[in-house]
Amino acid sequence: MRTDIFARLDREPEPPKIEVPRMTRTRLALFGGTSAFYLAMVVAVLLSTWLVTLDWKIMLFRPYQQWPEIHGFLDYYVVLGQRGPTAVMVAAWLGWRSWRQHTLRPLLCLGAALLLLNVSVGAVKLGLGRLGPHYATQVGSAELFAGGDIFPSGHTANAVVTWGILAYLATTPRARRYLSALSAVVALGVGLTTVYLGTHWLSDVLLGWAAGLLVLLALPWCEPVLAVAESWILALRDRLRERLRDRRRLVPSLPVASGGPRPGFFPQRPAGAEEPVRETVPVRETISVRETVSVRETVSVRETVGVARGRTPVTRA
């Protein structure tokens, strides 16, 4: 048995028993509190309260001009909140976990989380249509219903969901605590970075954190549907494998010469059956038949040529 660290990278012989998170009272309480905070942020922006005033104060302060030395680093750091690169990185890790643990649940959870994120965040973005700080037209205005799409912050919400899904799928309490802290730091940094760069208002980031957390808290409700989907996909895979095996059994494994007949068109003789008797034709009879046929063909060709030249064909007795 391997005892080094690389042994943990091997595929497990059997699917491990993984405890699926359930919608507990604590999770329900967090979901309800986060939903109330989400609604309060939306109402505060709609009514142009103190939150919008704070947005403008931070925007006019222009953090990217106050601390320009960190601008270059934060331009790269904010990529941790972009959906494309982060989804590819996390999907690669969860794909390896799916292979190792003989289950599709990690990849299905990621797909369900991103789907919920796109639907919920995208609907609010398009519905409120808020403009970003760089495109603001009136000082003190909430810039709503102006054709924008930055409220809530998609970078922030995506950072919460993409990195938080690793903590949600952790198999040990210790790994879940470490990954929760790591995802919280990354999501917090991505949100504040967008405010520093001037691409989002502070209220956009606050609503983005709440939107991403709501998606993670709602995932236990999706677990029964994901279990059914996994069973259906695995059953379909087994049926396809069985069909491929049946096709391989029909085609013999004997090599076939180039240009020869395909083995699948000719049935094989069952085992134990007697070989059919073949009639042997004497060589002399075969030669005489071939000579007779060739003579007749030669005579017919000469007669045809004679008729073409105007000669009368000679009738043989």
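None of these values were measured; they are calculated from a predicted model.
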Using side-chain heavy atoms (C-beta onward) and a distance below 4.5 Å, is Val52 in contact with Ser203?
no

Are the side chains of Glu230 and Leu108 in touch, meaning some heavy atoms are under 4.5 Å apart?
yes

Check: Leu207 and Ser153 side chains under 4.5 Å, non-hydrogen atoms:
no

Pairwise side-chain contact, Leu219 with Ile165, heavy-atom cut-off 4.5 Å (strictly under)
yes

With a 3.5 Å distance limit and no angle check, can you tell me whether Glu143 reaches the backbone of Gln138 through a side-chain donor-acceptor pair?
yes

Below 4.0 angstrom, N of the basic side chain to O of the carboxylate: do Asp246 and Arg249 qualify?
yes

Find out whether Leu206 and Leu51 are in side-chain contact, i.e. whether some heavy atom of one side chain is under 4.5 Å from a heavy atom of the other.
yes

Between Ile150 and Leu131, is the side-chain contact (heavy atoms from CB on, under 4.5 Å) condition met? List the steps.
CA-CA 6 Å; Ile150 55 100; Leu131 293 176; 5.9 Å; no

Any donor-acceptor pair under 3.5 Å from Ser183 side chain to Ser180 backbone:
yes

With distance as the sole criterion, is a donor-acceptor pair present between the side chains of Asn158 and Thr86 under 3.5 Å?
yes

Non-hydrogen atoms of Ala87 and Leu110 that approach each other most closely
O-CD2, 4.4 Å

Within-4.5 Å side-chain heavy-atom neighbours: Val43 and Met41
no

Would you say that Leu166 contacts Leu94 through its side chain, given a criterion of any heavy-atom pair below 4.5 Å between the two side chains?
yes

Only one of Val79, Leu80, Asp75 forms a side-chain contact (heavy atoms from CB on, under 4.5 Å) with Tyr77, so which one is it?
Leu80

When you group the ILVMFWY residues by side-chain heavy-atom contacts below 4.5 Å and let the links chain together, are Tyr135 and Leu144 in the same group?
no

Rounded distance (nearest 0.5 Å) linking atom CH2 of Trp93 with atom CZ of Arg97:
7.5 Å

What pairs of residues pass the ring-ring contact (aromatic ring centres under 6.0 Å, His included) test when at least one of them lies in residues 144-192, not counting sequence neighbours?
none

Side chain of Thr199, backbone of Thr194: donor and acceptor closer than 3.5 Å?
yes

Worked verdict on Arg83 versus Asn118 for side-chain contact (heavy atoms from CB on, under 4.5 Å)
CA-CA 10 Å; Arg83 192 160 305 158; Asn118 290 336; 2.3 Å; yes

Basic-acidic side-chain contact under 4.0 Å: Asp55, Arg130:
yes

I'd like to know if Glu223 and Arg22 make a salt bridge, using a cut-off of under 4.0 Å between side-chain N and carboxylate O.
no

Would you say Leu236 and Arg239 make side-chain contact, with heavy atoms under 4.5 Å?
yes

If hydrophobic clusters are built by linking Ile, Leu, Val, Met, Phe, Trp and Tyr wherever their side-chain heavy atoms come under 4.5 Å apart, do Val205 and Phe61 end up in the same one?
yes

Pairs in or reaching into residues 196-222: which pass ring-ring contact (aromatic ring centres under 6.0 Å, His included), with residues at least two apart or in two chains?
Phe31-Trp221, Trp56-Trp201, His71-Tyr196

